[in-house]
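What's counted below: heavy atoms across the whole structure, side chains too, no hydrogens, waters or symmetry copies. Residue numbers start from 1 in every chain, and the chains themselves are labelled A, B, ... in the order their sequence lines are given, proteins ahead of strands.
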Number of protein chains: 2
Amino acid sequence: MTTRERTWSIAELAAEFEVTHRTLRHYEELGLIAPERRGTTRVFSKRDRTRLALILRGRRLGFPLEEIRRIVDMYDDQPGRVGQLRYLLGQISDRRADLEARRRDIEDSLAELAELERRCETDLATLRGNRAVPARSQDTPSRTSV
Amino acid sequence: MTTRERTWSIAELAAEFEVTHRTLRHYEELGLIAPERRGTTRVFSKRDRTRLALILRGRRLGFPLEEIRRIVDMYDDQPGRVGQLRYLLGQISDRRADLEARRRDIEDSLAELAELERRCETDLATLRGNRAVPARSQDTPSRTSV
DNA sequence: GACGCACTTGACGTCGACGTAAACGTAAAG
DNA sequence: CTTTACGTTTACGTCGACGTCAAGTGCGTC
């Protein structure tokens with residue numbers, strides 16, 4: 001007899017991932033997850049958990065749910081024929097380009113944050129030394145970050 | 001006489017940054033930018049351009065406009081007193097933590113993408129060799145990416 | 001002075017991502 | 001047998017980030 005796989009209720013999954021029931025149902029409506037049913041009640045499998053983790057990471061990165069679905073589905077597509085595989089490889093390359101652009105944005109932001117921090121530290125040191133803080137140019141946020 | 005600084009019309013800025021007029025006005029409403037006025041017409045300065053670039057980077061990273069405003073404003077706050085500086089340094093550290101978390105998400109995603117790609121390549125090679133493609137476990141997207 | 005062009009201010013519409021309330025089912029606990 | 005806990009569907013509400021008219025202004029030109 002096959003080892004009974006662990007399952008989760010909607011409440012358990014919601015608590016674990018810190019989302020609401022509504023969110024999980026919403027994701028089901030959009031086809032992002034497809035929990036089984038025991039009667040009318042949703043039963044979440046390990047697979048659903050995995051997908052949910054992916055979905056939430058996509059969400060943290062600011063992707064729209066529609067796009068997230070396409071991406072998550074990439075991993076489940078049984079790569080039947082060569083055409084499918086080629087298509088998948090194309091998708092992968094697209095997504096990689098996107099992610100790398102985001103990473104550049106983040107790196108830039110972090111660099112500028114560091115720069116701003118450095119300036120703050122020196123200003124602070126100057127103030128501690130009771131010397132006047134040099135007024136910095138206001139019209140050009142010399143190098144900023146987001 | 002002070003060197004006349006270059007300015008931009010709303011149309012010029014919109015074209016350059018590939019946003020609509022509406023978007024720029026919206027950002028003004030929210031206090032993200034504050035172009036001067038020549039009569040009733042908006043006149044954008046270098047400073048506005050700089051801020052806009054920051055705003056759009058924040059947007060690409062998926063930050064809400066309200067938060068973007070607070071961040072962009074960080075750079076314009078004249079760090080008057082020590083308390084201000086300390087506060088700013090705190091903000092900086094918060095933002096860095098956020099960005100670094102995002103970066104981790106991205107790194108993870110890229111790693112999993114690479115893994116998926118590798119599997120695709122081998123499958124493709126297998127198909128080319130006219131051998132059967134090994135069916136992979138369907139219920140556990142072995143390791144996925146977003 | 002009428003025309004076009006770029007610009008303005010409302011103000012309502014839309015779309016995604018849920019929030020929230022209403023009304024109901026099921027099953028164990030008091 | 002009712003209460004409590006947990007679950008369900010349906011459906012309207014909300015909020016952010018704009019889109020999309022409508023109606024008007026200022027200005028150089030034909």
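A straight line from CD of B/E66 to C1' of D/dC18 spans 15 Å, rounded to a whole angstrom. Across the protein-nucleic acid pair, A/H26 atom NE2 and C/dG19 atom C1' stand 11 Å apart, rounded to whole Å. Rounded to whole Å, the distance from CG on A/L56 to C1' on C/dA17 is 13 Å. Rounded to an integer number of Å, the gap from A/L24 CG to C/dC18 C1' is 12 Å. Between A/R60 atom CZ and C/dA17 atom P there is a gap of 16 Å when expressed in whole angstrom units.
Proximity of B/R25 to the phosphate of C/dT8: a side-chain N or O atom is located under 4.0 Å from OP1 or OP2.
B/E12 contributes a side-chain N or O that, together with a main-chain N or O of B/S9, makes up a donor-acceptor pair within less than 3.5 Å. No donor-acceptor pair closer than 3.5 Å links the side chain of B/S93 to the backbone N or O of B/L89. Between the side chain of A/R51 and the backbone N or O of A/L32, at least one donor-acceptor pair lies under 3.5 Å.
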What do the steps show when you test B/D123 against B/T126 for side chain to side chain donor-acceptor pair (under 3.5 Å), and what is the final call? CA-CA 5 Å; B/D123 282 7; B/T126 307; 5.0 Å; no

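One end of the helix from C/dG1-D/dC30 to C/dG30-D/dC1 points its axis 30° away from the other end's axis, with each axis taken from 5 pairs and the angle rounded to 10°.
Within the 4.5 Å cutoff, the side chain of A/R42 has no heavy atoms near those of the A/E36 side chain.
Annotation: cation-pi geometry not satisfied between B/R59 and B/Y27 (NZ/CZ under 6.0 angstrom from ring centroid, within 45° of ring axis).
Interface residues of residues 9-23 of chain A facing DNA chain D, ordered by number: A/S9, A/I10, A/A11, A/H21, A/R22; criterion, heavy-atom separation under 4.0 Å. Near-neighbour residues of DNA chain D inside residues 27-40 of chain A, defined by a heavy atom below 4.0 Å, number-ordered: A/R37, A/T40.
For the pairing with A/D76, the salt bridge (charged side-chain N to carboxylate O under 4.0 Å, His left out) check across A/R47, A/R70, A/R69 returns one residue only, A/R47. In summary, of the residues considered (B/R57, B/R102, B/R60), a side-chain hydrogen bond (donor to acceptor under 3.5 Å, both in side chains) with A/D105 occurs for B/R60 alone.
Taking the side chain of A/R42 as heavy atoms from C-beta on, and the options C/dT8, D/dC18, D/dT9, the nearest nucleotide is D/dT9.
Salt bridge A/E115/A/R118: present, at least one basic N to carboxylate O contact under 4.0 Å. Taking the charged nitrogens against the carboxylate oxygens, B/R25 and B/E28 have no contact shorter than 4.0 Å, which rules out a salt bridge.
Rounding to the nearest 0.5 Å places CD1 of B/I92 at 6.5 Å from OH of B/Y75.
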